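Encoded as structure tokens, the structure appears first; notes follow it.
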Amino acid sequence: MYTKSITIATLCLASTADAFTIGSAPRTAPSVQTRKLHARTSSTSTTTRTIRSTFALSMAEADADDEIQRLKSMAAKLRADAAILEAEKAQQLADAAEKVFRKFDTNQDGQITEDELKAGLEKALKMELSEKRVQELIKEFDASGDGALQIDEFVGVDQFRNRLEALSREEKRLASEAKKTAQKESDAAAMQLAKSEILNDGAPTTSDKVLSVLPYLVSFGN
């Protein structure tokens, strides 16, 4: 009886030891199937991130394309508005020029002669114009060459004024250059006269004086 108790107790202790050993054993490595599952999960996650990035990039590109298209549309509208304004301005200038043309064309024959242009500009500009100056205007703007201005050749008072001012500036420039040239010729003649006096060692004769200023007179006459 006593022996059986010891044996039973020994078996219980052994069973308890085996159970403790099994419970405290280290974890085994994951199986191949588990690793494959983890690999598939990781690949799926990477693919999802790639899809999201691609989608975000596509949306950004679409937004950029929309912005570019919007800017192009705005630029086209601005060009159209500018063209409309230019057309309106041109029409206003044409209407104003036609109105002035009708005033200048006193006999209403559809063309402006030199006399009509002269009278019209003198009245509009409140200044007298020489016939030469009016002829220069006719010559410059008379595209048909018939000696008169038609409605399509009439440029308006402002452009006539600008051209007259340009002609006046050109005449002043030419006059200034002629004056400078005459002064140079005069100085050269005086120097030549001084040299002649030195060489002749006496007072110049009337003939000498005439000959010394002859180049100046010829140049001035030209």
Side-chain angles (χ1 to χ4, degrees), residues 68-193 209-222:
I68 292 174
Q69 188 61 38
R70 186 180 69 84
L71 293 175
K72 287 182 178 180
S73 299
M74 290 178 61
K77 186 177 183 303
L78 289 175
R79 287 194 296 270
D81 292 342
I84 292 174
L85 290 175
E86 288 294 331
E88 291 177 351
K89 183 179 179 181
Q91 186 60 47
Q92 291 174 358
L93 292 175
D95 293 342
E98 183 177 359
K99 185 177 180 180
V100 176
F101 182 88
R102 300 306 177 194
K103 289 182 179 180
F104 281 30
D105 185 17
T106 54
N107 61 358
Q108 301 299 311
D109 62 350
Q111 64 179 8
I112 296 177
T113 62
E114 290 183 11
D115 292 338
E116 288 175 330
L117 181 62
K118 183 176 185 299
L121 288 177
E122 286 180 342
K123 184 177 180 180
L125 302 177
K126 295 179 174 57
M127 60 182 295
E128 292 185 2
L129 296 174
S130 65
E131 292 183 0
K132 179 182 177 182
R133 188 57 55 86
V134 175
Q135 289 172 358
E136 289 174 341
L137 292 176
I138 290 287
K139 182 178 180 181
E140 180 166 350
F141 295 102
D142 180 21
S144 61
D146 59 357
L149 298 180
Q150 281 70 42
I151 182 63
D152 58 327
E153 298 171 334
F154 191 78
V155 294
V157 175
D158 289 338
Q159 291 195 46
F160 282 127
R161 179 192 291 111
N162 293 338
R163 186 53 189 157
L164 288 170
E165 291 175 352
L167 290 172
S168 178
R169 289 193 298 269
E170 180 66 12
E171 285 186 351
K172 289 179 180 179
R173 185 185 67 80
L174 293 175
S176 177
E177 290 182 355
K179 185 177 180 181
K180 291 179 180 178
T181 301
Q183 185 63 43
K184 289 181 180 179
E185 294 291 344
S186 178
D187 294 342
M191 183 171 291
Q192 184 65 32
L193 180 60
K209 293 180 179 180
V210 171
L211 291 175
S212 65
V213 298
L214 185 60
Y216 165 73
L217 294 175
V218 172
S219 176
F220 184 76
N222 293 334

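Every value quoted in this text rests on a predicted model; they were computed, and no experiment measured them.
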Neighbour count above 12 (heavy atom, 6.0 Å) for E128 CD: no
Gap separating the [atom1] atom of [X] from the [atom2] atom of [Y], nearest 0.5 angstrom:
X: R79; Y: K77; atom1: CZ; atom2: NZ; value: 12.5 Å
X: R133; Y: L117; atom1: CZ; atom2: CG; value: 12.5 Å
X: F160; Y: L167; atom1: CZ; atom2: CG; value: 11.5 Å
X: T181; Y: L174; atom1: OG1; atom2: CG; value: 10.5 Å
X: T106; Y: I112; atom1: OG1; atom2: CD1; value: 9.0 Å
X: D81; Y: M74; atom1: CG; atom2: CE; value: 11.0 Å

Closest heavy-atom pair and its distance - F154, L149: CD1-CD1, 4.5 Å
For A124 against F104, the heavy-atom pair lying closest together: CB-CZ, 4.5 Å
Close side-chain approach of [X] to [Y], heavy-atom, < 4.5 Å:
X: E88; Y: I84; answer: yes
X: L164; Y: R161; answer: no
X: D146; Y: Q111; answer: yes

All pairs passing salt bridge (Lys or Arg N to Asp or Glu O under 4.0 Å) where residues 103-121 contributes a residue, at least two apart: K118-E122
Side chain S73, main chain Q69, donor-acceptor under 3.5 Å: yes
Main-chain N/O of Q150 paired with E153 side-chain donor or acceptor, under 3.5 Å: yes
Salt bridge check, [Y] against [X]: does any charged N sit closer than 4.0 Å to a carboxylate O?
X: R173; Y: E170; answer: yes
X: K180; Y: E177; answer: no
X: K99; Y: D95; answer: no

Criterion side-chain contact (heavy atoms from CB on, under 4.5 Å) on L121 and L137, from CA distance to verdict: CA-CA 11 Å; L121 288 177; L137 292 176; 3.6 Å; yes
